[in-house]
Amino acid sequence: MNIEEKIKVNIIEAFQKIYNAEIPEKSIQIQKTRKEFIGDFTVVVFPFLRFSKKSPEQTAEQLGIYLKDNFSEIKEFNVIKGFLNLKFYDSFWLNFLNTTLLEDNYGFVKSNEDSEKIMIEYSSPNTNKPLHLGHIRNNLLGYSIAQILKANGKNVVKVNLVNDRGIHICKSMLAWQKWGNGETPDSTGLKGDKLVGNYYVKFDQEYKKQIADLINKGISAEEAKKQAPLLIEAQNMLLKWERKDADVLELWKKMNAWVYKGFDETYNNLGIDFDKVYYESETYLLGKSIVAEGLKKGVLNKKEDGSVWADLTKDGLDEKLLLRADGTSVYMTQDIGTANQRFAEYNNDKLIYVVGNEQNYHFQVLALVLKKLGFSWADNLFHLSYGMVELPEGKMKSREGTVVDADDLLNEMIETARETSEELGKLDSYSKEEVNNVVKTIALGALKYFMLKVDPKKNMLFNPKESIDFNGNTGPFIQYSYARIKSILNKAKDQKIEKSDCVSSNIKISEKEVNLIKLIFDYPATISEAADNYSPALIANYIYDLAKEFNQFYHDCTILKEPDNDIRNFRLLLSQMIGDIIKSSMSLLGINVPDRM
RNA sequence: GGUCCAAUAGCUCAGUUGGAUAGAGCAACAGCCUUCUAAGCUGUGGGUCGCAGGUUCGAAUCCUGCUUGGAUCACCA
C-alpha cells in the first residue's frame, strides 16, 4: 500500500470514529501541497462537510488530530480554510528514497505474457515524397508512446503501414520516366526519397502547364484538370500496375527501393524503428470480402450502379462508400481489412493509430462501420489524433515549397548544436568523433523535446527562422543537468569518496532536498498517467520540473565538499537517483543523454 | 451549411476526475563564475484565462449561447 492509500484508509476510519459516518472513498481528494504552504500532502475537506456537519476548519482540525495520532510518519499539520496540510517527517522521505534506490527500474512496470497487448501504427509515409516536419511529429509521438506503454507494463507491437501504391506514386514514376534521363540516387548523389520527390513536384509543374494550355483553348478549369494528358497517362499507369504490367512493376519496384533506402536513413537518424512494416500494395485488396459479408447481412447496401455503401445517417454521419461501381475498393475498405487481419494475426487487445486530426472523421467512420459489421473489437481501436505542425504563415504546403524537410531540419539542428558547443568551449578536449556524437545527441534532444513537450492533441507552431532553443525548457537543458550529475559522480569516484547503498534517515535535510525526493515519488504515477493519456508531454513536463529543481539544489548545496559524511552520502545518492530518472524518463521520449556536454 | 477541435502573459506552452493568491520558458531589464560544468542560478516587470450567462461552498476547468481560428463532410489517401 502506498502512502496515499494509507492516508485514505485512515481518513475513512477517522470519519467512522469521530462522526460515525461512512464516507465514499471517491470523495477523498489527496493532492500535493502547494509550494506556498507548509506540508507534503493536502486533504480537501469540503466534500466531507455533509458528513461532519461542522465548518470546514473544524472538520479539518479534527481530522488532522486523528491522523497525526494514528500516523507515526506525520510530523505536523495545519489547516487553511478547507484544506488540511499534512507534513511528514524527513525520515519518512529518506526511507522512501532508500526503497527507490533498491529498485532496478524504478517507476517501470514489468510486462509478462498475460499483459495487455497493444499494437501501435505510426509514421505511415507515402513513397512519393520525403518525410517532413509533420511526419517527424508523428514518428516521435508513435515511438515515444510505444516506449511509455512498455514502461507501463504493456506488450507493444510497433507497426508501419507504407503507402506504396496509388495514383500519386504513378505521378512521380511517370515524371521520372519522361524527364528523368535515367537519373538514380547514385548518379545524382541525392537521397532516394528526395530524388523521387523531385519528380513528384515535376509532375505537378508540367500538369499545371497542360491545364493552363487547355484553359487557353477555351476549356473549363474543371474539365481541363480531368483532360490533361499527363493525368490520363498516370491513370493508365495505375491501371497497368493493377494488371501487374511487367515494365510498370519494374519501375515501381526500382523507385520504391530508392525511397525506402532514404526513409531508412531518416528513421535511423531519428532513432525510431518498427517491429513490422506493412505495405499497402499487399493490403489494399483486403476488406472486400468483409464488405461482401456485410452486404449479405444487410448491414451495408448496394446502389443501382453497383457501388456499396454504409449508411451512417442515423448516427449523425453521412453515407460512406466502401466499394466503387467497378468493384474496386477505397481506403476505408482497406482499413477495415487490415484492422481485421491484425486482430486475427496478433490477437491484440488494442490497436492505436497515430494519425493527424485531419482524419478524425475517417476513424470515427471506421470504428462505426466495424461495429455495425459485428466486430467486437471495434471498441478497442483508438485514433491517437494529433494536431498539425503549423508554420508562422500557416499550414505547410508541399506545392508552395513551404515544407520543412526532415533531413534538412535535423542537419541544421546538428550544425547549431556544433556552433553553440564551440562557442561555449564545451567540447575542446573531445576527439572529432566524440564531438560528432555529442552534437548529434544534443540536436536530437532539442528537436524531440521541442516536439514532444506539447500536448499531442494540440496544433503546434514551428518557426524555422527562430532555431530551436537550447536554454530554458528544452531538451539540452535536461541533458545538461544529467551531464552535471554524471560529472559529480565521476569526481566522487576519482576522489575515492565513499558512497554507500543507502542514506541515513537521521540527517537534517533542506526543503529543496525534500522537494526532490517528492518529485522522485511522483515518477511512477507520471508514467502511468502518460500511458493512460497517451501523452509524452506529461513525461516531458515532469522531467523539466525535476531538472529545474535539481539545478536549484546543485546551486544551493555543495556535494563533494560537504563535511558531514552522512549528508554528503545522501546528496550523492540523491543526485544519482535523479540522474537515473532523467535517463530513464528521457528514454521514454526517445532521447539520449550524454555523460558530458 | 452540418459535425468535430481549439482560444490562458508580447511570443511558445503548462495548468487531468472542479480546489487555496493561474504557472514555466523565450523576449526585456537587473544581479551571480578564485568554489562540484554559467547550455546554469536569483530577482523585476508582464493576465478581463476569447465574450456573455448558468451550475455550486468553490469554475481557466463542467453546461448553454455567441465570437474568432482550424479541421472535416471526395467514387483522394
Side-chain angles (χ1 to χ4, degrees), chain A residues 26 29 31 33-37 42 44-47 49-50 56 80-83 85 124 126 163 165-168 280 284 303 305 307 309 316-318 320-326 328-332 334-335 356-362 364-365 385 387-388 390 392 394-395 417 420-421 423-424 426 442 446 450 453-455 457-463 466 469-481 483-492 495 529 532-533 535 537-538 540-541 544-545 547-548 550-552 554-562 571-572 575 596-597:
Chain A
K26 271 185 79 180
Q29 289 180 55
Q31 47 197 237
T33 303
R34 298 177 54 145
K35 265 191 224 145
E36 53 270 40
F37 305 103
T42 293
V44 185
V45 302
F46 293 107
L49 300 184
R50 60 195 180 99
I80 296 170
K81 290 196 253 178
F83 299 90
N85 300 320
S124 315
N126 293 343
N163 184 326
R165 63 163 287 282
I167 187 75
H168 49 297
E280 285 202 10
Y284 80 109
K303 294 211 170 172
D305 65 355
S307 56
W309 298 74
L317 304 173
D318 297 324
K320 182 72 196 175
L321 176 91
L322 295 176
L323 287 177
R324 296 188 185 98
D326 62 5
T328 55
S329 66
V330 293
Y331 186 51
M332 185 63 73
Q334 174 195 237
D335 265 4
N357 62 14
E358 62 218 339
Q359 294 197 39
N360 284 355
Y361 183 75
H362 173 81
Q364 204 184 341
V365 171
S385 161
M388 320 252 83
E390 284 167 345
K395 219 180 149 179
T420 309
S421 299
E423 265 171 41
L424 296 171
K426 293 279 185 183
I442 294 169
F450 178 85
K453 77 173 174 185
V454 336
D455 185 335
K457 291 194 290 284
K458 291 190 178 171
N459 288 359
M460 65 179 293
L461 188 105
F462 175 78
N463 189 344
E466 301 167 10
D469 237 308
F470 288 8
N471 301 317
N473 186 357
T474 66
F477 167 80
I478 293 160
Q479 291 172 320
Y480 178 69
S481 311
R484 278 180 148 179
I485 291 172
K486 273 288 165 193
S487 169
I488 288 181
L489 295 176
N490 285 333
K491 285 216 163 93
Q495 294 172 21
E529 211 176 315
D532 293 344
N533 292 289
S535 175
L538 296 177
N541 288 327
Y544 176 63
D545 286 342
K548 195 174 160 54
F550 174 79
N551 276 304
Q552 289 168 11
Y554 178 92
H555 183 264
D556 294 350
C557 304
T558 54
I559 299 171
L560 297 174
K561 286 184 181 157
E562 167 58 44
R571 289 183 180 159
L572 277 171
S575 303
R596 290 198 291 164
M597 69 181 273

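Letters go in sequence order (proteins before strands), and every chain restarts at 1.
Distances shorter than 4.0 Å separate some side-chain N or O of A:K491 from OP1 or OP2 on B:U37. A close approach under 4.0 Å does occur between a side-chain nitrogen or oxygen of A:K458 and OP1 or OP2 of B:A14.
Taking for each of A:S329 and A:K81 the nucleotide of RNA chain B with the nearest heavy atom, the 5'-most of the two is the partner of A:K81. Heavy-atom distances to RNA chain B give each of A:K26 and A:F37 a nearest nucleotide, and the one nearer the 5′ end belongs to A:K26.
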For nucleotides 23-30 of chain B, give me one character per nucleotide, 5' to 3': B if any protein heavy atom sits under 4.0 Å from the base, S if the only such contacts are to the sugar-phosphate, - if neither. SSSS----
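Counting non-hydrogen atoms under 4.0 angstrom, A:N533 reaches a base of the nucleic acid. A:Q29 comes within 4.0 angstrom of a base, heavy atoms only.
One distance of note links CZ of A:F550 with NE2 of A:H555; it measures 13.0 Å at 0.5 Å rounding.
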Could you write out each protein N or O paired with an N or O of nucleotides 69-72 of chain B at a distance under 3.5 Å?
none

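Here the side chains of A:T42 and A:R34 are not in contact, with every heavy-atom distance at 4.5 Å or above.
Taking atom P on both B:U72 and B:G53, the two are 35 Å apart, rounded to the nearest angstrom.
Not a single ring pair (Phe, Tyr, Trp, His ring centres under 6.0 Å) links A:Y361 to another residue, sequence neighbours left out.
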